[in-house]
Amino acid sequence: MNRMGDLSELEDRLRTLMLASLAGDAASYRQLLAALTEHLRRYFQRRLTSGLSHQVEDLVQETLLAIHARRMTYDPGRAFTAWAYAIAHYKLIDLLRKVRQDAHVPIDDLADFLAAEADEAALAGVRRDLDTVLDTLPERVSGLVRRVKIEEQSIAEAAAATGLSEANVKVTVHRGLKALVARFGGKS
Amino acid sequence: MTDDLIARLAADLKPVRRTAMVRRLWLAALPALLVSAVLMLVWLGPRPDMAEAVGTPIFWIKSGYTLGLGLFGLWAVERLSRPAESGKAPLITAALLLAAVAIAAVLDYVLMPASARELMLMGSSAQRCPFYIMALSVPFLAANVMLMRRLAPTNLTWAGTAAGLMAGALGAWVYSFHCTEPGLPFLASWYSLGIAAITALGAAFGRFLLRW
């Protein structure tokens, strides 16, 4: 409920700025673009990973330009955030298509674009991926990798908890990571 | 860097009227109508019996049907040139009009004397009609594509569908001033076929033509 309230407050604030901007008020427009820049940056940062993160700022600028040049397509009777999000999403898909990552076209939604903090769903997704990857290792190895690399236990703690020697823990974690890199790390 | 951009864009800000986009749509459609009409007049010519024809209902039904579909198409273009719009209302309205005329044509065909059916369905120009309609719709389609690329359609397949519907139907409207066919079944089959062909073309190529 709280979050929905925040979103509608954000919508009201940005929409008011947009209406003033369409009427020609440059100060409102600067405020609007600054606010949008923050949302866009966060949105693209979360979507553009693996070698594309350097494109975030370009994409933010390109989206701002599109919003500027096509601002007449905003219908004041509709939600402003939905309009801005649709343009951002279109630009994102367009970039991904250009770099031929069509297989990874993200499925996301408006709330995701608006979310101020890293949202739970994204983190849950990352955790799920991590589990899938770790589950490819023998249980003994993945258990140690989890303790040392994810739960950030020290080697000594992990050794004490599992009854193995510290040297054994070190070597096992090292080999586990190496196996993961060989399997998922790509060619580089 | 992005701050510079924001400053530049704010300095470039000019007021935009609420009606700006609709105005642009008409400014694109009217020259296309002119080109299409001149093409029809020079190439095909107006129907020779125009004076009597305007006294018959079928002339107005043909004109009203095609113009109606064209205006619903234009409405759909207006919606679908905006981000995050579905254009559902105009497209469904257009489909209802299409269905209504199709049903009326079937009833008309069934109820008329069998000897009249050949003339009312096939007339003398069934093989040519859809192709003339497609040719006369090209100026509208070109105008739509040129304009919509500068707007912000995000659903390119549906936006292309809308562009094709508007173009095909207005091409058919222009053609109706040349065509002398008297049959409602003819209208519901061959006119609709020409319009549907251009609509399908728009749907198929929208995602290539309308990219921005």
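Here is the naming used below: chain letters follow the sequence lines, and residue numbers restart at 1 for every chain. Remember, predicted model here, so these are calculated numbers, not experimental data. Just so it is clear, the values below take in all heavy atoms, side chains as well, and ignore hydrogens, waters and symmetry mates.
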| task | Answer yes or no: are there more than 12 heavy-atom neighbours, outside B/F177 itself, under 6.0 Å from its atom CZ? | result |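 Yes, CZ of B/F177 has more than 12 neighbouring heavy atoms, counting only those of other groups under 6.0 Å.
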| message | Within the supplied structure, the quantity of interest is the number of heavy atoms (other residues, nucleotides, ligands) at a distance under 6.0 Å from B/W43 CH2; does it exceed 12? | response |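 Yes, CH2 of B/W43 has more than 12 neighbouring heavy atoms, counting only those of other groups under 6.0 Å.
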Closest approach of [X] and [Y], non-hydrogen atoms and distance?
X     : Y     : value
A/I87 : B/P83 : CG1-CG, 3.7 Å
B/A84 : A/A82 : CB-O, 4.1 Å
B/R18 : A/G77 : NH2-N, 4.3 Å
A/L64 : B/L9  : O-CD1, 3.8 Å

Separation of [Y] [atom2] from [X] [atom1] (nearest 0.5 Å):
X     : Y     : atom1 : atom2 : result
A/L33 : B/L5  : CG    : CG    : 8.0 Å
B/E78 : A/T73 : CD    : OG1   : 10.5 Å
B/M1  : A/Q61 : CE    : CD    : 4.5 Å

Is the closest side-chain heavy-atom distance between [X] and [Y] below 4.5 Å?
X     : Y      : answer
B/R82 : A/M72  : no
A/K91 : B/W212 : yes
A/Y90 : B/L156 : yes
A/W83 : B/E85  : no
B/L13 : A/R71  : yes
B/D12 : A/H68  : yes

| query | Tell me, side chain or backbone of B/R8 under 4.5 Å from chain A's heavy atoms, or both, or neither? | reply |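 For B/R8, there is no contact with chain A at all, as no heavy atom is under 4.5 Å.
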| field | Per-residue contact mode, B/S81 against chain A (heavy atom under 4.5 angstrom) | value |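 Looking at B/S81, just its backbone touches chain A.
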Atom group of [X] that falls short of 4.5 Å from chain B, counting heavy atoms:
X     : answer
A/A23 : backbone
A/A79 : neither
A/D94 : side chain

| said: Checking the side chain of A/R70 only, and the main-chain atoms of B/L151 only, is there a donor and an acceptor separated by less than 3.5 Å? | reply: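 Yes; judged by distance alone, with no hydrogens or angles, the pair exists.
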| query | Hey, is the main chain of B/A11 close enough, under 3.5 Å, to the side chain of A/Y29 for a donor-acceptor pair? | reply |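 Such a contact is absent between A/Y29 side chain and B/A11 backbone.
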| request: Take B/T2 and A/R41 through the test side chain to side chain contact (heavy atoms under 4.5 Å, CB included) and record every step on the way to the result. | output: CA-CA 11 Å; B/T2 302; A/R41 200 174 280 149; 4.0 Å; yes
| Salt-bridged, B/R79 to A/D75, with N to O below 4.0 Å? |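 Yes, B/R79 and A/D75 are salt-bridged.
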